[in-house]
Amino acid sequence: MFDWMTFHGLAVELATREDVAAHRSAVSRAYYAAFHAALTHAERRGASLPKVEKHAALWQWFDPPQPIPGRTRLETRIGKNGRRLRASASVSKQLAESMQLAQSLLVDLDELGGMPRPR
């Protein structure tokens, strides 16, 4: 099983470089680390996500338009921050903000026990 957290480590490393290509790659890697940690948590909670538009569906699962009984504030925050990170990853202009969002998501997901662990 691939350890998606290696993407986060690579993102941190790339963020220290000076070139735009490294920064864009850093944001993308940070997003995918957070996305897969969130996906692991959602699937453990029984989420069934569509194959099409899976990214949008995942963040909506965490923060649905209508409140869902049993959804925690932490999960709602993960959904909101996931959407923000996804939007910033597509623009890749706000490196510091994107990296901070990814780190916040990973900390929150770790608190939920949703961090994927290598086997």
### Task
Using atom types as modelled and distance alone, determine if a side-chain donor or acceptor of Thr40 lies under 3.5 Å from a backbone N or O of His36.
yes
Spacing of [X] atom [atom1] and [Y] atom [atom2] [to the nearest 0.5 Å]:
X: Ser98; Y: Arg86; atom1: OG; atom2: CZ; result: 14.0 Å
X: Glu75; Y: Leu109; atom1: CD; atom2: CG; result: 9.0 Å
X: Leu85; Y: Gln100; atom1: CG; atom2: CD; result: 11.5 Å
X: Tyr32; Y: Thr6; atom1: OH; atom2: OG1; result: 14.5 Å
X: Leu112; Y: Ile78; atom1: CG; atom2: CD1; result: 4.5 Å
X: Asn81; Y: Asp63; atom1: CG; atom2: CG; result: 10.0 Å

### Query
Just by distance, with hydrogens left out, do Glu18 and His23 show a side-chain donor and acceptor under 3.5 Å apart?
no
### Task
Decide yes or no for Leu14 and Arg24: does some side-chain heavy atom of the first lie under 4.5 Å from some side-chain heavy atom of the second?
no
### Query
Any side-chain heavy atom of Phe62 sitting closer than 4.5 Å to one from Arg45?
no
#### Entry: Positive for ring pair (Phe, Tyr, Trp, His ring centres under 6.0 Å) with Phe35, one of His41, His55, His8
His55
#### Entry: is_close_aromatic(Tyr31, Phe7), centroid dist under 6.0 Å
no
### Selection residues 97-106 - residue pairs positive for salt bridge (Lys or Arg N to Asp or Glu O under 4.0 Å), sequence neighbours left out
Arg84-Glu97
## Note on the structure
The salt bridge (charged side-chain N to carboxylate O under 4.0 Å, His left out) partners of Asp108 (sequence neighbours excluded) come to Arg77
### Message
Between Val107 and Asp110, is the side chain to side chain contact (heavy atoms under 4.5 Å, CB included) condition met? List the steps.
### Response
CA-CA 5 Å; Val107 167; Asp110 191 45; 5.7 Å; no
